[in-house]
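Reckoned from all heavy atoms, side chains included, excluding hydrogens, waters and symmetry mates.
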Amino acid sequence: LPFYPDLTGFGGREWLDGLLRDPMHWRYFGGAVIEDEAAPGQSILLGDGMPGFDQLPREQLDYLTTWLLELKTEDVTAIQSRCQIKPNEP
């Protein structure tokens with residue numbers, strides 16, 4: 001049977017912090033699979049190859065989590081300008 005991520009608390013601080021720290025944990029992408037549309041009958045592991053940020057000091061991980069959470073509530077253009085990212089660039 002396929003396994004899917006646990007989305008309890010999805011988008012909240014605790015969920016996002018855990019995802020950034022260990023994306024392949026069972027609660028996030030560990031063991032989650034989807035069918036490969038390019039190769040029917042074959043599966044793809046979700047999150048395969050996504051690095052975790054567990055090597056960051058707690059303070060930096062908290063900063064990254066807070067920044068990502070702010071993206072949900074603020075005008076993205078304003079955040080881009082503060083980060084000196086041109087709005088038309090990825």
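- With hydrogens and angles disregarded, no donor-acceptor distance shorter than 3.5 Å links the side chain of Arg21 to the backbone of Leu61.
- Minimum heavy-atom separation, Trp15 to Tyr28: O-CE2, 3.4 Å.
- Remark: Ser43 pairs with no residue by the side-chain hydrogen bond (donor to acceptor under 3.5 Å, both in side chains) rule, at least two apart or across chains.
- Taking CZ from Arg27 and CG from Asp22, the interatomic distance works out to 11.5 Å, rounded to the nearest 0.5 Å.
- Leu56 and Tyr63 fall into different hydrophobic clusters, where Ile, Leu, Val, Met, Phe, Trp and Tyr residues are linked whenever their side-chain heavy atoms come under 4.5 Å apart, directly or through other members.
- In this structure the side chain of Leu20 reaches within 4.5 angstrom of the side chain of Leu68, judged on heavy atoms.
- Here the straight-line distance linking atom CZ of Phe53 with atom CG of Asp17 works out to 12.0 Å at 0.5 Å rounding.
- The environment of CD in Gln55 is crowded: more than 12 heavy-atom neighbours from other residues, nucleotides or ligands sit within 6.0 Å.
- The pair Asp62-Arg13 fails the salt-bridge criterion, with no side-chain N (NZ, NE, NH1 or NH2) lying under 4.0 Å from an Asp/Glu carboxylate O.
- In this structure, the side chains of Leu64 and Glu59 stay at 4.5 Å or more apart for every pair of heavy atoms.
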